[in-house]
Number of protein chains: 2
Amino acid sequence: MFQTVNFVKKNILSARKPLCYQHSREADLAETEEKKREKRGWRQNPDAVKRDILSVAIEEFAAHGLSGARIHSIAAKTRTSKRMIYYYFGDKKGLYVRALEEAYSEVRAGETELDLGQLTPRDALARLVSFTFDHHRSHPEFIRMVMIENIHQAENLTGSEVIRRLNLSAIKKLEDICRRGEAEGVFRKGLDPVALHWQISAASFFNVSNRPTFSAIFGEDLFSDDAQIKIRSQVVDAILHLVEPRPKPGEES
Amino acid sequence: MFQTVNFVKKNILSARKPLCYQHSREADLAETEEKKREKRGWRQNPDAVKRDILSVAIEEFAAHGLSGARIHSIAAKTRTSKRMIYYYFGDKKGLYVRALEEAYSEVRAGETELDLGQLTPRDALARLVSFTFDHHRSHPEFIRMVMIENIHQAENLTGSEVIRRLNLSAIKKLEDICRRGEAEGVFRKGLDPVALHWQISAASFFNVSNRPTFSAIFGEDLFSDDAQIKIRSQVVDAILHLVEPRPKPGEES
DNA sequence: GACGAAATTAACCGTCTGGAACATTTTGCG
DNA sequence: CGCAAAATGTTCCAGACGGTTAATTTCGTC
């Protein structure tokens with residue numbers, strides 16, 4: 001499905017821009033009001049403008065990178081103008097940082113839906129891994145933003161307290177599971193939740209981030225829905241194995 | 001060590017350019033010859049020029065991405081000129097593709113040093129995983145080139161037969177191990193070498209590619225030499241577990 | 001309704017950047 | 001040597017791109 005992407009360099013096209021942003025519940029009484037504005041005139045709607053810009057910015061930055069994305073292209077895909085971007089976000093970097101934060105927020109918000117309270121530690125962990133794997137798959141634009149940020153040595157992310165907070169809270173679930181598992185004796189002692197998170201992220205992230213090169217070399221087979229389910233269960237198996245109490249106390253650094 | 005990177009935006013500096021490329025074994029008889037050229041004049045050395053350009057190109061593309069890298073910056077870090085880049089590589093994309101190929105070649109060349117002939121399948125696999133993990137760590141610029149290529153949907157890699165060949169040969173070792181392990185009954189049946197390679201790559205690659213964001217959020221702890229050894233052994237454990245014959249023949253898709 | 005602040009439009013600018021044109025020198029070869 | 005081809009140096013440019021200035025309109029509020 002994805003194999004022929006047919007890269008369109010300049011897709012500043014189509015999508016006739018509506019003259020103004022419609023406020024939520026006034027489409028009905030718009031007729032009389034709007035006609036007065038038809039010649040020249042507009043409605044103000046700062047929030048909608050900002051949201052519009054941000055969502056397009058995520059698309060564009062995710063697609064072309066920080067320096068690859070073009071402010072004028074972003075503006076073109078928006079219902080507003082380039083000037084507004086500078087008005088609200090200062091400069092390109094400012095927009096990028098906000099877009100990055102926004103991408104993180106959206107994804108972390110989705111994660112909070114996962115409820116593991118009722119499950120045994122083992123089942124909870126399996127569920128968490130499985131969920132994370134799927135969640136990454138369904139948010140490729142977020143993955144791409146993180147890839148790009150990594151290329152930039154995370155220098156923008158470092159400054160963003162917003163993002164650090166979001167991520168630290170994301171590891172809470174894992175910490176709980178570990179604690180419960182250790183307490184019940186079904187997990188090995190001394191587990192490091194961060195290291196475990198590393199393992200889970202590595203598989204889930206790589207699966208999306210490196211799909212293009214991997215499938216270019218080895219074919220798309222591994223990325224069919226069926227194959228992905230297998231891969232995912234392998235990942236779950238591997239992670240569960242890492243938390244199991246060591247059978248023999250022989251030490252092996 | 002790495003935490004304060006102190007980004008220098010324009011490092012087009014220092015490094016006095018020698019007037020010409022010295023051929024390998026003529027530094028000695030250079031005195032008489034060279035003095036005639038001192039005013040204006042140069043030696044030709046196409047191969048050295050190409051190599052010089054490519055190595056700088058890898059640095060720059062890896063650091064700033066395809067669109068972030070600047071031809072004139074690349075030229076500046078070279079002992080030759082912008083003109084030569086276009087002379088030998090046509091345009092920016094051409095240079096990028098060659099740099100990508102070069103990066104792959106260098107890394108794959110390093111991999112051939114690994115000899116697993118004498119080891120049991122299990123030991124061989126453990127060794128391969130361990131080696132791959134380290135090898136990725138010691139070639140961050142390669143990792144970054146691949147990250148960048150992924151952001152570009154692998155569209156350049158797709159066209160390069162060179163790279164596909166290099167990579168397919170890279171999986172040969174793994175295929176051998178799997179076959180031997182299955183034959184000896186120490187590995188489970190029906191292993192997919194590509195899927196296994198996916199697992200190994202995921203950990204090894206992510207470890208380098210996502211270090212910036214990961215350590216920005218969770219700290220550098222996991223990336224100390226000691227911690228990396230632990231992580232690596234976890235990865236080895238996890239992979240080995242994946243190839244072990246299933247203890248109970250209960251089927252679990 | 002008037003008025004100041006916020007939002008939006010429209011036009012403009014200086015620089016950076018990929019790339020090309022043209023000139024000159026070197027090198028292999030008969 | 002002489003000559004053509006390859007390699008290198010020098011100079012310049014057209015368009016792209018990030019960003020700005022100034023004018024206009026809308027909106028909340030007194």
Side-chain angles (χ1 to χ4, degrees), chain A residues 9-10 12 17-23 26 30 33-34 36-53 57 60-61 64-97 99, chain B residues 9-10 12 17-23 26 30 33-34 36-53 57 60-61 64-97 99:
Chain A
K9 201 106 190 194
K10 307 248 173 180
I12 315 151
K17 298 190 181 191
L19 294 165
C20 69
Y21 289 84
Q22 198 108 291
H23 283 249
E26 52 191 356
E33 276 279 327
E34 289 307 312
K36 284 192 283 184
R37 302 175 193 277
E38 259 177 23
K39 310 187 169 187
R40 47 139 112 142
W42 62 81
R43 306 292 296 282
Q44 292 181 182
N45 197 347
D47 286 342
V49 170
K50 277 185 264 187
R51 262 182 288 120
D52 188 12
I53 293 175
E60 291 291 298
F61 282 126
H64 309 295
L66 173 47
S67 41
R70 302 299 168 207
I71 290 285
H72 106 101
S73 303
I74 294 176
K77 289 180 73 176
T78 299
R79 293 205 293 299
T80 180
S81 67
K82 192 170 71 161
R83 179 67 181 82
M84 288 292 92
I85 294 177
Y86 290 102
Y87 185 65
Y88 285 118
F89 301 96
D91 57 8
K92 194 183 189 182
K93 198 106 170 242
L95 176 60
Y96 169 77
V97 172
Chain B
K9 202 107 189 194
K10 306 249 174 179
I12 315 152
K17 296 192 181 188
L19 295 164
C20 69
Y21 289 84
Q22 198 107 290
H23 283 249
E26 52 192 356
E33 276 279 328
E34 289 309 311
K36 283 192 285 185
R37 302 174 195 278
E38 258 176 24
K39 309 189 166 184
R40 49 139 109 140
W42 61 81
R43 307 291 297 281
Q44 291 182 185
N45 196 347
D47 286 342
V49 170
K50 276 185 264 188
R51 263 183 287 121
D52 188 12
I53 293 175
E60 291 292 298
F61 282 126
H64 308 295
L66 173 48
S67 41
R70 301 300 168 209
I71 289 285
H72 105 101
S73 304
I74 295 176
K77 289 180 73 176
T78 298
R79 293 205 294 299
T80 179
S81 68
K82 195 168 70 160
R83 176 70 182 77
M84 288 293 91
I85 294 177
Y86 289 105
Y87 185 65
Y88 285 118
F89 301 97
D91 59 7
K92 195 183 189 182
K93 199 103 169 246
L95 177 60
Y96 169 77
V97 172

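Being a predicted model, the structure only gives us computed values, none of them experimental. Throughout, a chain's letter reflects where its sequence line sits, starting with A, and its residues are numbered from 1. Atoms considered below: every heavy atom in the structure, side chains included; atoms not considered: hydrogens, waters and symmetry mates.
- The side chain of A:Ser81 contributes no N or O atom lying less than 4.0 Å from OP1 or OP2 of C:dA11.
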**Asked** Step by step, would you call B:His64 with A:Ser67 a side chain to side chain contact (heavy atoms under 4.5 Å, CB included)?
**Response** CA-CA 8 Å; B:His64 308 295; A:Ser67 41; over 6 Å; no
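- For the pair B:Asp52 CG and D:dT8 P, the interatomic distance rounds to 11 Å; values are reported in whole Å.
- Rounded to whole Å, the distance from CZ on A:Phe89 to C1' on D:dG19 is 16 Å.
- In this structure, CD1 of A:Ile53 is placed 12 Å from P of C:dA7, rounded to the nearest angstrom.
- A:Ala75 and A:Ser81 get closest at one heavy-atom pair: CB-C, 4.0 Å.
- In this structure, OH on B:Tyr96 lies 12.0 Å from CD1 on B:Ile74, to the nearest 0.5 angstrom.
- The residue B:Arg70 sits close only to the backbone: its heavy atoms come under 4.0 Å of sugar-phosphate atoms, none of a base.
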**CA sep, side-chain torsions, deciding dist, call: B:Tyr87, B:Lys50, side chain to side chain contact (heavy atoms under 4.5 Å, CB included)** = CA-CA 10 Å; B:Tyr87 185 65; B:Lys50 276 185 264 188; over 6 Å; no
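- If you take CD1 of B:Ile71 and P of D:dC13, they are 21 Å apart, rounded to a whole angstrom.
- When each of A:Leu66 and B:Lys82 is assigned the nucleotide of DNA chain D with its nearest heavy atom, B:Lys82 is the one assigned upstream, toward the 5' end.
- For A:Thr80 against A:Asp52, the heavy-atom pair with the smallest separation is N-OD2, 4.4 Å.
- Taking side-chain N and O atoms only, A:Arg83 has no distance below 4.0 Å to OP1 or OP2 of D:dA22.
- Annotation: the span from A:Ile71 atom CD1 to A:Lys82 atom NZ amounts to 8.0 Å, rounded to 0.5 Å.
- Checking the phosphate oxygens (OP1, OP2) of C:dT9, a side-chain nitrogen or oxygen of A:Thr80 falls inside 4.0 Å.
- For the pair A:Met84 CE and C:dA10 P, the computed distance is 11 Å after rounding to whole Å.
- Contact check, B:Arg43 against D:dA7: no side-chain N or O comes under 4.0 Å of OP1 or OP2.
- Legend: residues meeting side chain to side chain contact (heavy atoms under 4.5 Å, CB included) with A:Val97, ordered by chain and number and at least two apart, are A:Glu101, A:Asn156.
- A:Lys93 has its NZ atom 16 Å from the C1' atom of D:dG19, to the nearest Å.
- Distance B:Tyr86 OH to D:dC12 P: 18 Å, rounded to the nearest Å.
- Note: CG (A:Asp47) to P (D:dC27) measures 14 Å, nearest angstrom.
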N/O-N/O pairs, protein side and nucleotides 4-6 of chain C side, under 3.5 Å:
none

